[in-house]
Amino acid sequence: MRYYIDVILPIPIEKLFTYEVSENEADYLKQGMRVAVPFGKKKIYTALVFRIHNEPPSLYEAKPIDQLLDEAPIVSPTQLEHWLWIADYYMCTIGDVFKAAVPSAFLLESETIITKNDKFSLPETALKDDEWLVYEALQHQPVLKVQEVSQIIDRKNVFPVLNRLLDKQVLYLKEEVYEQYKPKLVRYIRLAPPYTSEDRLQVLLNELNRAPKQKEVVLNLFTLEAATRKPIKVKELEEKAKVSSGVVKTLIDKEVLQEYHLQVDRVQYAGHETKASKVLNEFQMEALKQIDENYKKHQVTLLHGVTSSGKTEVYVKLIERMIAQGKQVLYLLPEIALTTQLIHRLQDYFGNKVSVYHSKYSVNERVEVWNHIMENNTKAQIVLGARSSVLLPFTNLGLVIVDEEHETSFKQFDPAPRYHARDAAIVLAMMHKARVLLGSATPSVESYYNAKLGKYGFVELNRRFGNVLMPEMELVDIKEKHKKKRMNGHFSDRLIKEIEEVLSEGEQVILFQNRRGFAPIIECETCGHSAQCPNCDVSLTYHRYKKQLRCHYCGYHIAEQRSCLSCGSLELNTKGFGTEQVEVELKSLFPKANIARMDSDTTKGKYGYEKIITAFEQHEIDVLVGTQMLTKGLDFRNVTLVGIMNADNLLNHPDFRAHERSFQLIQQVAGRAGRTRKRGKVIVQTYNPYHQILQQASMHKFLDMFTDQINERKQYKYPPFYRLIKLTFKNRDYQKLHEGTNWFSTSLKNSFGSNVLGPEQPPVGRIRNEYILNVLVKIPPKRSIKEVKTTIRKIKKSFEAIPQYKAIRIILNVDNY
Ligand code: ADP
Ligand code: ZN
Ligand code: ZN
């Protein structure tokens, strides 16, 4: 009998691949374990075992696997089922999901290893200089990596040298896989066994009379051990005995002391005692009661609670109960910027039961969190994470909280899998028979509609905690202000006056501008030219601080220009403005205030957000200028004024969600004002103060917004009534792209008629030298979405078989945002 395994490879191929294994291996392997397998000519990949069986593949000869990598599965059965659902629903491959889900340390890559050939016999003079350097290095170090050779000969491309050496039979090349995850080890120290008895210790101490430092070390170790009865770290001992590491080393060499290593987690909660959670007020209590009622009938409940109504404290109560039952809780957040505050809040209540999982953590840290979840350890009973944490190996999930459920960043845009974390979380919860709580002050039109239909349970919290009033909103007409010369740069007299007042009261201000950089465009006053990105159809954004013009799509940048690139004129002017400019103007308007900026340019690095948020919390900053990353869910006690610098660029998106999003954004930014003590104020600067959405947002009229939007969506056939699949076509050749896309959309129209829109060029029609065209398929309410997808897949297959269209890339985006 022969044995085979079907495996998932971390690459975008449709099918599972089959490899041959021995009977022993077949016996040992389980679904969810990793194996290293050869693929293509030279590559070795990490693959995930999916099925073990006896059927040889019919189309190819199964190769044997390279090696086994795990002792136990790293992926749980439910998790795998969920990944399959994602691949199917979002029309990508299971390999895409596998690759996105696991920390990269789990995906071993093969690496070329260079070893010396001991039989090499030519005289050394037969080697050229660079060859000799490598040869020389191999005499000292039996194994070299490509990277190391590159450093030795100080050159990027090392393969010419290696090939020459290979010809001269100086060395061997070999592919090898290696484990990237390295457990973090800490050095501990103890007395070597002969000295643990008291008599021997006494003898030792006498012997050490002539080496007072060494004696000091032994005495200190003895006291530390007696006092703590726990393993003693080498470092701890050195500090206590006030000696250098050399002294300890001498004792280890003399075999008086013994060192050993223990594995520790990289992320450790250093906090102290946990606190009891807060006592809920009557409204929160009522909400909690209703949530419980709802769970009798619904798996998913939507909590619509105005900003600062105390939703988080209600979540905390639900979490408490879940973990008392030994269940796991997933707490999803749209942005890692938010975790900073929330992690502290949750750790106060739950201590080291909280684990965080997001992209700013190192791969090693992520592996540790992953393993804790897989093993259902209490250390990761509550997982706080962004989007990708729905892909983690939960084994016993009881509750999913999706905070700020309306946020569009829950939808992955690029690369595949293009999944919506909220929707994927609901499916995951179903598989675990777990509950879901969606929370928001401004629910998405979709979720609110589902609640209205009775698909989801629905609970409201209508007042702010402590009865603080909702902030007062003032719309300032900047067209009018410009006319009357009441603008100072981009600040209206109203906004300036309010900032003055707030600062004089010792309170804080948040200013919001939805663009980073200094100005989106620098335009020549003489000829109208503005610098464009050579790779994308977009103007370069001016970053004054870095003295650069940058493309926000591809990262291309050039130094700031003093004169027009086209006509040489010195009269250049900026158009539009970003956070940098707000900051600069603010500094000249309020020279005494402490001003800081929070956008993706200032929050690089693991603690980028944390530093700014903490400084603001501790009032080292008076005014914080930022993009939307500072609008969501943050809880600052002392902010009483929020300024929206320009509400119009929110409204002008060519997108059916633009109005819904503007409403949400304005309400959310406004929600940062006056959260705990006195009523806050929000100044909204706009050219269109009578715009419906601005009116609704400024009067906190969520229901009006919802009703308008749902009617429009119905009329124009958009979600939640119609489902959308967006197809994006990309190619460097504009003509070919047009032809190919037309072929595809014509085929789609044959099946779906007028429910196919496009091809249409997006606002930025070329990015990184690739032209882009979109086609939108709308799926009517009664039509089976499965069948539609099958048809699209079929058309795609035929399309890919046409030779001249081969190079056109197709991106499928289901439920596109
Ligand atoms: P939301 O999540 O709805 O925006 P939060 O849960 O952040 O609101 O609550 C707003 C503020 O009110 C926070 O500072 C929080 O600590 C405080 N708060 C909420 N509920 C209570 C409570 N029951 N007791 C004391 N303080 C509370
Ligand atoms: Zn010019
Ligand atoms: Zn570009």
Side-chain angles (χ1 to χ4, degrees), residues 337 413-414 478 482 487-491 511-589 595-605 608-609 612 623-630 644-655 685 687 730 732 734 761-772:
F413 179 62
D414 232 1
I478 39 181
H482 271 295
M487 291 295 285
N488 192 331
H490 295 94
F491 287 77
L511 294 180
F512 167 73
Q513 171 61 1
N514 210 14
R515 266 200 181 118
R516 64 198 170 92
F518 188 85
I521 296 176
I522 292 193
E523 205 174 72
C524 170
E525 294 280 274
T526 314
C527 77
H529 173 86
S530 63
Q532 301 289 307
C533 175
N535 313 318
C536 314
D537 284 344
V538 71
S539 320
L540 297 176
T541 299
Y542 176 37
H543 285 245
R544 185 160 117 164
Y545 181 68
K546 284 197 175 146
K547 300 192 171 46
Q548 278 179 342
L549 299 175
R550 299 189 69 94
C551 172
H552 285 183
Y553 288 84
C554 73
Y556 171 86
H557 53 90
I558 52 174
E560 178 187 345
Q561 305 291 316
R562 295 253 163 257
S563 59
C564 173
L565 285 170
S566 170
C567 74
S569 161
L570 290 172
E571 275 168 59
L572 302 179
N573 219 336
T574 58
K575 287 259 144 66
F577 64 107
T579 44
E580 267 189 24
Q581 191 165 166
V582 177
E583 188 189 12
V584 169
E585 289 181 8
L586 199 57
K587 278 182 176 155
S588 74
L589 284 168
I595 293 159
R597 173 161 58 90
M598 181 159 133
D599 54 32
S600 56
D601 297 323
T602 63
T603 50
K604 302 229 160 78
Y609 301 107
I612 299 178
V623 188
L624 186 57
V625 181
T627 55
Q628 53 195 353
M629 68 168 65
L630 66 69
I644 297 178
M645 300 303 297
N646 179 344
D648 304 298
N649 54 31
L650 305 175
L651 300 168
N652 299 334
H653 273 278
D655 174 349
Q685 301 193 133
Y687 285 95
K730 294 188 179 179
R732 288 172 162 250
Y734 185 74
Q761 197 168 10
V764 179
R766 184 180 56 116
I767 294 176
R768 292 172 204 272
N769 283 317
E770 279 187 315
Y771 292 96
I772 306 167

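Not measured: the values here are computed from a predicted model. All values below come from the heavy atoms of this structure, side chains included, with hydrogens, waters and symmetry mates left out.
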- Under the side-chain hydrogen bond (donor to acceptor under 3.5 Å, both in side chains) test, which residues partner Lys546, sequence neighbours left out? none
- Query: Looking only at heavy atoms, what is the nearest atom pair of Arg562 and Leu570, with distance?
  - Reply: O-CD2, 3.6 Å
- Any idea which heavy atoms bring Thr627 and Arg516 closest together, and the distance? CG2-N, 4.1 Å
- Leu586 vs Phe491 side-chain heavy atoms within contact, under 4.5 Å: yes
- Message: Out of the candidates Arg550, Glu560, His552, His557, only one should pair with His543 under the side-chain hydrogen bond (donor to acceptor under 3.5 Å, both in side chains) rule; please name it.
- Response: His552
- Task: Only one of Leu565, Leu572, Asn573 passes side chain to side chain contact (heavy atoms under 4.5 Å, CB included) with Ile522; say which it is.
- Result: Leu572
- Glu580 vs Arg597 side-chain heavy atoms within contact, under 4.5 Å: yes
- Over all heavy atoms of both residues, which pair between His529 and Cys564 is shortest? Give the atoms and the distance, please. CB-SG, 3.9 Å
- Flag side-chain contact, heavy atom, 4.5 Å: Gln628 against Phe512: yes
- Task: Kindly compute the distance separating CD1 (Ile521) from CD (Gln532), expressed to the nearest 0.5 Å.
- Result: 8.0 Å
- Compare all side-chain heavy atoms of Cys554 with those of Cys533 and state whether any distance is below 4.5 angstrom. yes
- Message: Testing the basics here: between Gln513 and Thr579, what is the closest heavy-atom pair and its distance to 0.1 Å?
- Response: O-CG2, 3.6 Å
- Non-hydrogen side-chain atoms of Gln561 and Ser563 separated by less than 4.5 Å: no
- Message: Does any part of the side chain of Asn646, heavy atoms only, come nearer than 4.5 Å to the side chain of Gln685, both counted from C-beta?
- Response: no
- Message: In the structure I gave you, are the side-chain heavy atoms of Cys536 and Arg766 within less than 4.5 Å of one another anywhere?
- Response: no
- Where the side chain of Glu523 meets the backbone of Lys575, is there a donor-acceptor pair that is under 3.5 Å apart? no
- Message: For Tyr734 and Tyr771, take the angle between the two ring planes, folded into 0 to 90°, and tell me which bin it lands in: parallel under 30, tilted 30 to 60, perpendicular over 60.
- Response: perpendicular
- Item | Note, Tyr553 side chain near Asn535 side chain (heavy atom, < 4.5 Å) | no
- Met645 and Phe577: side chain to side chain contact (heavy atoms under 4.5 Å, CB included), yes or no, with the steps? CA-CA 10 Å; Met645 300 303 297; Phe577 64 107; 3.8 Å; yes
- Query: Taking it one step at a time, do Ile478 and Met487 satisfy side chain to side chain contact (heavy atoms under 4.5 Å, CB included)?
  - Reply: CA-CA 8 Å; Ile478 39 181; Met487 291 295 285; 3.5 Å; yes
